[in-house]
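Please read these numbers as outputs of a predicted model, since none were measured by experiment. Protein chains get the first letters and strands the later ones, always in sequence-line order, with residue 1 at the start of each.
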There are 2 protein chains.
Amino acid sequence: MDVKTICLGILTFGDATGYEIKKAFQDRLSLLYEASYGSIYPALNKLTTEGLVSCRAESQSKRPDKKIYSITLEGQLAFIRQLKESPAPDKLRSEALTTLMFAHLLPASYVAQLLDDVIGANEKIIETLSGECETKHSLSEKFLCGFGIAVKQAANQYISENRHLLEAESLLSDHAAE
Amino acid sequence: MDVKTICLGILTFGDATGYEIKKAFQDRLSLLYEASYGSIYPALNKLTTEGLVSCRAESQSKRPDKKIYSITLEGQLAFIRQLKESPAPDKLRSEALTTLMFAHLLPASYVAQLLDDVIGANEKIIETLSGECETKHSLSEKFLCGFGIAVKQAANQYISENRHLLEAESLLSDHAAE
DNA sequence: CTGTGCATGTAAATCGTTACATGATTGC
DNA sequence: GCAATCATGTAACGATTTACATGCACAG
């Protein structure tokens, strides 16, 4: 699933400009996906060429023309077709945890600090999501929001209970290179 | 953190061939990172050029020469320097959950099936990791393995308890396009 | 008067996967 | 006899980010 496909999906919620689609990525999908203008605008142009979205321009005084995109019937069909392809397996990318897989090279104090940072960052996300969760109107957004909270809480609990493994790994080796 | 950096890291565990590094990605990091030969071999070549690893060839009868890579002192310093850069935030990429954010376009039976599939896939991962966890020798590997289990278990529990939200979203809308 | 929000886009650079190319050995 | 393991690499392609380019309006 690439940016193009997801833009199409976002347009099933209603017409939007490229700018608004970017916000939708942040509001609805930031837990799973982020996209920059540099990928969204070209994606919308391609979709238009392919006839999967249509575009009407609205002129504004003293602003660039607003281009409002709508998904076409053909676009809806194409999107649903893509939704039904079996999804690729989930992937977690964590530079912090990757770093910690090399705890044997790092001083114990640094490992401890990193772990605290990870826990702190997760807590911040949990807080933010907890606030947002109630403001969400759709059930799927509530689901995703709750999912994020549940997973981050589990992560923090696990880290708190097992961080000694990494801290021990660091202490066991002498990292002369530090 | 790119493949090049992680190859360097893997070599801190001991000398290895490109082939063995690929296995190390699978054995040690598959939860966080995967890499193909198409990225590993060019990475090793670049690292050699940069003097961060050295390479000795071992000729084998009836096989291509084995190229055994070692990290140099300079490489160790460079790697630790990179470990100390503050890590990018974690990212979760889940096509299945992304698909489910569009439950309003899918028939309820399909949503239910997808949820079952996700739970099943997670269970399989939990099982695999549970087996592997004991065979791991290093503490950091045990940590990561346990982390995977904890997070996937939390995910499955959350999904089981809240799947009705997505199933309802699907039922609430009529998806004529199905 | 400064930063944030609105609004669009392009070009280069980065990073990686997939497919191709080759081929012997070992275990079932 | 067939699949998996060992072993290396390149080239084309794909996807996305980053940096650049522009500029007004409004709030604090």
For Lys4(B), side chain to side chain donor-acceptor pair (under 3.5 Å) partners two or more places apart: Glu50(B)
Phe79(A): partners by ring-ring contact (aromatic ring centres under 6.0 Å, His included), with sequence neighbours left out: Phe102(B)
Integer-rounded Å distance: dG9(C) P and Leu47(A) CG: 13 Å
Connected-component partners of Ile68(A) among ILVMFWY, side-chain separation under 4.5 Å: none
Nearest-angstrom distance from the residue atom NZ of Lys22(B) to C1' of dT17(C): 11 Å
Of all pairs that satisfy side-chain hydrogen bond (donor to acceptor under 3.5 Å, both in side chains), the ones with a partner from residues 110-125 of chain B, not counting sequence neighbours: Gln113(B)-Asp117(B), Asp116(B)-Arg163(B), Asn122(B)-Lys152(B), Asn122(B)-Asn156(B)
d(OH, Tyr19(B); P, dC6(D)) in whole Å: 4 Å
Restricting both atoms to N or O, compile the protein contacts to nucleotides 18-20 of chain C shorter than 3.5 Å, with distance only.
none

Ala35(A) vs Asn45(B), nearer the 5' end of DNA chain D by closest nucleotide: Asn45(B)
Nearest-neighbour nucleotide for the Thr17(A) side chain, dT8(C), dG9(D), dA15(D) considered: dT8(C)
Exam field: side chain Glu169(B) to backbone Ser140(A), donor-acceptor pair closer than 3.5 Å: yes
Lys46(A) NZ to dT10(C) C1', straight-line distance once rounded to whole Å: 13 Å
For Tyr19(A), ring-ring contact (aromatic ring centres under 6.0 Å, His included) partners two or more places apart: none
Pair listing, side-chain hydrogen bond (donor to acceptor under 3.5 Å, both in side chains) test, anchored in residues 92-103 of chain A, at least two apart: Ser94(A)-Asp90(B)
Whole-Å distance separating the CZ atom of Arg56(A) from the P atom of dA7(C): 13 Å
Touch class at under 4.0 angstrom, heavy-atom based, for Glu20(A) against every strand present: nothing
Terminal axis angle for the helix from dC1(C)-dG28(D) to dC28(C)-dG1(D), five pairs an end, nearest 10 degrees: 60°
Leu44(B) CG - dG16(C) P separation (whole Å): 13 Å
All ring-ring contact (aromatic ring centres under 6.0 Å, His included) counterparts of Tyr41(B), not counting sequence neighbours: Tyr37(B)
Touch class at under 4.0 angstrom, heavy-atom based, for Lys23(B) against every strand present: sugar-phosphate
